[in-house]
Structure formats: structure tokens, C-alpha cells
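The next block holds one structure in the form of C-alpha cells; read it before the comments.
Note that the coordinates shown come from a computational prediction; the quantities given were computed from them, not determined experimentally.
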Amino acid sequence: MCDVEGIDELLVETKIVAPQQFIVFKQCFNKNNSIVESGDFVIGIVEDMFINAIYLGGDTTLLKNFDVITQTASAETL
């Protein structure tokens, strides 16, 4: 096990992500950090599915607008 300087401060903060909100990993060619852009990698819930996906563009509430890499039914649908 190794020590990571500042890890305690990083672990204190909890982020809540609601449905139709995403954790977004920007592509280097997408420069607008205020919105999700086509090609960005996202993690979130869409149509009651927890997804890891590439955003293709369009309505972010529809699964058809994502190239889904993995998906799992959310707790509401189980």
C-alpha cells in the first residue's frame, strides 16, 4: 500500500449525479466544458439504465443517442 498525498481531502467530497446528469470525460477535440458534446465519454443514467457510453449527439434522455459500452438496469427497474 502506498500513501497518496492529499487523498483524505479528495475522499471527503461526495458528488451526487441525478438521472440525465452525467460524469463527462471530454475528448481533446471538444473544447466546450459547459456542455456534453458528440464524442464525449459519459457515465450516468438514461432511460432507467446506468451506462458507460460515448455521446453521439441529440436528446440526452434517449439511449439511442449514445454508443453504449456497458449498461446495467437501475435500482428502479430491478
Side-chain angles (χ1 to χ4, degrees):
M1 184 115 134
C2 63
D3 291 332
V4 177
E5 186 175 331
I7 193 71
D8 292 333
E9 290 80 17
L10 291 173
L11 295 176
V12 170
E13 231 178 283
T14 300
K15 304 231 186 284
I16 305 298
V17 179
Q20 280 82 49
Q21 292 183 342
F22 306 101
I23 298 171
V24 178
F25 298 85
K26 300 296 290 182
Q27 290 288 349
C28 59
F29 50 81
N30 288 340
K31 303 297 182 191
N32 189 340
N33 290 332
S34 299
I35 60 170
V36 61
E37 298 176 274
S38 181
D40 289 343
F41 180 80
V42 301
I43 300 172
I45 297 174
V46 178
E47 293 186 31
D48 293 326
M49 300 299 291
F50 179 76
I51 64 168
N52 292 320
I54 305 296
Y55 176 60
L56 302 174
D59 187 344
T60 58
T61 65
L62 302 174
L63 274 174
K64 71 177 187 173
N65 294 321
F66 297 87
D67 181 9
V68 177
I69 298 164
T70 60
Q71 71 181 40
T72 305
S74 71
E76 288 183 8
T77 59
L78 295 176

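In this structure, CG in Asp67 is found 13.5 Å from OH in Tyr55, a value given to the nearest 0.5 Å. Remark: Asn52 CG to Ile43 CD1 distance equals 4.5 Å, nearest 0.5 Å. Rounding to the nearest 0.5 Å places CE of Met49 at 13.0 Å from CZ of Phe66.
In the hydrophobic clustering of this structure, Leu56 does not group with Phe25; members are Ile, Leu, Val, Met, Phe, Trp, Tyr whose side-chain heavy atoms approach within less than 4.5 Å, directly or through other members.
Sorted by first and then second residue, the pairs that involve residues 17-36 and meet salt bridge (charged side-chain N to carboxylate O under 4.0 Å, His left out), not counting sequence neighbours, are Lys26-Glu37, Lys26-Asp40.
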Can you give me every donor-acceptor pair (side chain of residues 57-64, partner residue at least two apart or in another chain, under 3.5 Å) with its distance?
from, atom 1, to, atom 2, distance (Å)
Asp59, OD1, Thr61, N, 2.8
Asp59, OD1, Thr61, OG1, 2.7
Asp59, OD2, Thr61, OG1, 3.1

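Pairing each heavy atom of Val68 with each of Ala53, the nearest pair is CA-CB, 3.7 Å.
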